2 protein chains.
Amino acid sequence: MAKRANVADDELDARKATILEAVVTEHIDTAQPVGSSSVLQSADLGVSPATVRAEMVALEREGYLVQPHTSAGRVPTDKGYRYFVDHLEAGVVGPAEQEQIKDFFKRVRGEVEDVLEQTSTLLSQLTSYTSVVVNSAHAHATILSAQLVNLDARHHLLVTVFSDGTVIKHSVKASFDASHLEVAEASKQLNALLLGTTLESRVQVPSRTDHVAKLVRESVSVLRAEQPAGEDEQVFIGGSSRVAESFDGVETVRQVLSILEQELLVVSLVEDILDRGLSVAIGSEHGYEPLSSCAVIVAPVAIDGESIGVVGLLGPTRMKYPEALAAARAVSHHLVRHFGGEVEGE
Amino acid sequence: MAKRANVADDELDARKATILEAVVTEHIDTAQPVGSSSVLQSADLGVSPATVRAEMVALEREGYLVQPHTSAGRVPTDKGYRYFVDHLEAGVVGPAEQEQIKDFFKRVRGEVEDVLEQTSTLLSQLTSYTSVVVNSAHAHATILSAQLVNLDARHHLLVTVFSDGTVIKHSVKASFDASHLEVAEASKQLNALLLGTTLESRVQVPSRTDHVAKLVRESVSVLRAEQPAGEDEQVFIGGSSRVAESFDGVETVRQVLSILEQELLVVSLVEDILDRGLSVAIGSEHGYEPLSSCAVIVAPVAIDGESIGVVGLLGPTRMKYPEALAAARAVSHHLVRHFGGEVEGE
DNA sequence: GATTAGCACTCGGTAGAATTGAGTGCCAAT
DNA sequence: ATTGGCACTCAATTCTACCGAGTGCTAATC
């Protein structure tokens with residue numbers, strides 16, 4: 001609740017900070033502009049409203065607050081929120097939520113994808129915001145198995161299993177009819193060829209021109225084609241209906257939803273925030289104008305310093321930062337335990 | 001545009017039908033209650049407003065129309081819409097859309113899942129409604145390959161390839177440490193055991209108690225566990241942001257979105273409509289109250305009488321039925337060609 | 001010099017009254 | 001059976017008044 005003054009270029013004196021904090025908290029709570037008197041109710045500075053007003057004028061001049069119109073209270077700007085979150089003491093998740101999370105991870109079963117999908121729903125329920133869970137690229141995962149299965153004479157399926165448990169399939173179309181035997185042989189060679197390699201490593205493909213070699217070559221090239229776009233991340237979005245609660249303008253809702261539909265965009269948004277070393281991006285801080293009334297919280301999911309994914313939350317700029325941050329972190333933490341524990345220990 | 005009178009228990013005389021049709025069309029267009037005069041503008045019966053009013057009173061008594069309040073025009077009831085769609089001549093998709101669809105299917109590449117995902121987006125763009133594409137259960141698909149890959153000593157991955165190109169993975173956890181050789185042997189046995197069977201057929205599992213047999217048994221049982229819930233359908237939802245355009249109440253939007261989040265529910269909704277032999281379900285016709293202001297259009301995707309999926313559209317009850325129906329059917333048709341052609345011919 | 005009490009002022013929001021007008025229902029005439 | 005005519009209804013719109021939360025300013029105070 002109190003804020004620590006770490007030395008930075010622009011730092012507010014204690015009273016201004018308290019006032020700003022009060023305005024932010026109050027506005028998050030009520031969605032209404034906050035006046036000098038309500039500030040005094042929540043934060044007991046031994047001061048008169050007039051003084052608070054003077055301070056608020058200053059805060060407005062410095063860009064932390066705005067007035068929707070003359071004779072209204074103040075509303076935080078993005079900068080105001082930013083100051084607020086930067087000076088936030090680490091929040092904690094309530095005991096009930098704590099319990100819910102534990103319970104969830106105790107009960108949850110099934111494949112990674114299912115777990116993440118459900119995790120996303122959990123996070124959304126915990127916070128009542130829309131949640132995003134990204135399963136990061138497995139670029140460094142090694143190939144445990146590569147198998148070519150033929151569907152019919154010319155259509156085959158390359159099924160690749162990675163060390164992180166991912167399974168990927170690729171259609172391989174041949175320009176000739178291959179016999180079962182040829183496909184089986186190609187499958188065997190592929191497996192030998194790719195075993196232990198990653199998508200990044202170079203492999204020596206046979207240059208012969210027989211059917212088997214052709215199949216092998218075609219398969220490898222299809223597999224390689226994976227790389228370019230950030231296509232290999234999986235995204236799970238939970239509670240998109242929360243968008244309708246978080247924003248009032250129908251048009252805003254539409255825009256936000258429409259962005260959530262583009263998974264690639266969501267991934268890059270979230271990873272961009274992480275890359276910039278942030279845990280929250282407020283309003284215009286992420287580059288997407290349609291999201292200018294949104295805040296995005298991210299928490300990396302990393303095992304041994306290796307990022308395996310991201311969990312995120314998307315809400316209005318006036319979202320409940322302490323709780324949401326805490327929830328995201330807690331869930332991220334449990335994910336690490338869940339998967340870290342599963343792969344190494346147990 | 002004109003409606004055919006097929007003999008049914010309740011059938012309207014020509015004039016009532018024309019009036020009803022005019023009201024529906026007009027209201028779909030304007031979202032406003034329709035009065036007697038606007039009816040006369042769009043449908044030129046050689047009659048005075050008073051007569052139309054009298055007819056509308058009758059239509060209201062029979063449950064096809066309602067007045068939002070005295071002294072307002074009429075709005076169609078679900079029954080009104082129902083009559084409208086039942087007497088609809090098959091619509092056609094515009095040439096531009098026709099082109100767009102053709103173009104799409106010419107360009108589209110990649111795995112079934114990707115194609116369906118994109119198809120869903122296409123359909124949504126074509127109609128400006130939210131679209132649903134369901135990839136039906138592959139219960140009868142035979143197993144082409146089953147392979148056990150070990151991740152570590154106790155964790156294995158059962159990768160099953162079906163004749164329809166589906167690949168499914170299952171985690172198999174053992175209570176003992178298995179050697180690579182044992183896993184490889186189990187994999188070989190599994191493949192032999194399951195090859196050519198379906199998820200429904202019974203197989204003879206070994207009753208021995210050695211590691212290999214245990215692995216095989218465990219794997220088979222994990223695979224069998226698939227069956228119960230309708231879990232094995234895949235759902236692709238496109239243009240969920242359209243929901244925000246289609247309904248005005250924020251609460252309605254939230255409810256609809258919240259239903260779309262539950263994929264299982266969407267599947268059963270859509271399949272239920274199909275099972276009842278309908279192509280449109282209006283308002284209360286499908287059992288879900290939260291969707292009472294929605295209409296759902298469905299079109300089966302079937303190859304040789306065998307259903308391989310469903311495409312659907314979800315919009316407000318006052319949706320553009322002719323266009324939407326036509327679009328859904330056209331897309332379904334192209335899907336059949338696309339996959340039918342790919343698997344059998346070519 | 002900072003603080004504050006006091007006060008005039010602004011302006012969104014609400015409430016009520018008046019008005020409008022689209023659309024009805026009914027009835028007597030055709 | 002149809003229709004012109006007419007009185008009536010009621011949501012929506014506009015206008016007015018006004019309230020009150022909240023401000024900014026200034027002159028007095030600590």
Side-chain angles (χ1 to χ4, degrees), chain A residues 12-77 80 248-249 318, chain B residues 12-77 80 248-249 318:
Chain A
L12 300 173
D13 65 69
R15 197 169 63 189
K16 279 209 185 70
T18 314
I19 292 174
L20 176 55
E21 191 203 331
V23 171
V24 173
T25 333
E26 178 81 4
H27 181 255
I28 285 178
D29 226 53
T30 63
Q32 300 293 326
V34 182
S36 49
S37 50
S38 7
V39 167
L40 283 175
Q41 268 184 339
S42 57
D44 188 29
L45 321 143
V47 185
S48 84
T51 313
V52 175
R53 277 201 293 272
E55 294 283 51
M56 285 169 93
V57 171
L59 282 168
E60 178 161 16
R61 196 177 36 235
E62 295 168 48
Y64 294 97
L65 298 176
V66 271
Q67 268 181 309
H69 55 86
T70 340
S71 92
R74 264 38 180 232
V75 162
T77 60
D248 17 42
R318 46 170 283 278
Chain B
L12 299 174
D13 65 70
R15 197 168 62 190
K16 280 209 184 72
T18 315
I19 291 174
L20 177 55
E21 191 203 333
V23 172
V24 172
T25 332
E26 179 81 4
H27 181 255
I28 286 177
D29 226 54
T30 63
Q32 297 294 325
V34 181
S36 49
S37 50
S38 8
V39 167
L40 282 175
Q41 269 184 338
S42 58
D44 187 31
L45 321 145
V47 184
S48 83
T51 313
V52 175
R53 277 201 293 273
E55 295 283 51
M56 285 170 93
V57 171
L59 282 169
E60 178 159 18
R61 197 178 35 233
E62 295 168 47
Y64 295 96
L65 298 176
V66 271
Q67 269 181 308
H69 55 85
T70 340
S71 93
R74 296 322 205 278
V75 161
T77 60
D248 17 43
R318 46 168 285 275

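So that the names make sense, note that chain A is the first sequence line, chain B the second, and so on, each numbered from 1. What you see is a predicted model; the values in this text were computed from it and never measured.
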So, do Glu21(B) and Val39(B) sit near enough that their side-chain heavy atoms are less than 4.5 Å apart?
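A side-chain contact is absent here, since even the closest heavy-atom pair is not under 4.5 Å.
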
Can you find a pair of side-chain heavy atoms, one from Ile19(A) and one from Leu45(A), that are under 4.5 Å apart?
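In short, these two side chains touch, coming nearer than 4.5 Å.
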
Can you measure [X] atom [atom1] to [N] atom [atom2] for me and round it to whole angstrom units?
X: Asp13(B); N: dT2(D); atom1: CG; atom2: C1'; result: 15 Å
X: Gln41(B); N: dG23(C); atom1: CD; atom2: P; result: 10 Å
X: Glu55(B); N: dG23(C); atom1: CD; atom2: C1'; result: 18 Å
X: Gln32(B); N: dT24(C); atom1: CD; atom2: P; result: 14 Å

Could you run through nucleotides 15-30 of chain D and give me one letter per nucleotide, 5' to 3': B if any protein heavy atom sits under 4.0 Å from the base, S if only the sugar-phosphate is that close, - if neither?
-------SBB------

If you round to the nearest 0.5 Å, how far is [atom2] of [Y] from [atom1] of [X]?
X: Leu20(A); Y: Thr77(A); atom1: CG; atom2: OG1; value: 8.0 Å
X: Ser38(A); Y: Asp29(A); atom1: OG; atom2: CG; value: 11.5 Å
X: Arg74(A); Y: His27(A); atom1: CZ; atom2: NE2; value: 13.5 Å

On the nucleotide dT3(C), are OP1 or OP2 found under 4.0 Å from the side-chain N or O atoms that Arg15(A) carries?
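So the side-chain polar atoms of Arg15(A) do come within 4.0 Å of the phosphate oxygens OP1 or OP2 of dT3(C), strictly under.
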
Phosphate oxygens OP1/OP2 of dT2(D): is one of them under 4.0 Å from a side-chain N or O of Ser48(B)?
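No, Ser48(B) has no side-chain N/O under 4.0 Å of OP1/OP2 on dT2(D).
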
5'-most contact on DNA chain D: Gly46(B) or His69(B), nearest heavy atom basis?
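Its nucleotide being nearer the 5' end, the pick is Gly46(B).
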
Not counting sequence neighbours, list each pair that qualifies as a salt bridge (Lys or Arg N to Asp or Glu O under 4.0 Å) and has a residue in residues 47-56 of chain B.
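Qualifying pairs: Arg15(B)-Glu55(B), Lys16(B)-Glu55(B).
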
Minimal non-hydrogen separation, Thr18(A) against Ala14(A), with atom names
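Residues Thr18(A) and Ala14(A), closest heavy atoms: OG1-O, 2.7 Å.
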
Measure from the side-chain N and O atoms of Ser36(A) to the backbone N and O of Val52(A), and report whether any donor-acceptor pair falls under 3.5 Å.
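Flag not set: sc Ser36(A) to bb Val52(A) has no pair under 3.5 Å.
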
Could you write out DNA chain C as a dot-bracket string, with dots for unpaired bases, | for bases paired across to another strand, and Watson-Crick or G-U pairs counted at under 3.5 Å?
||||||||||||||||||||||||||||||

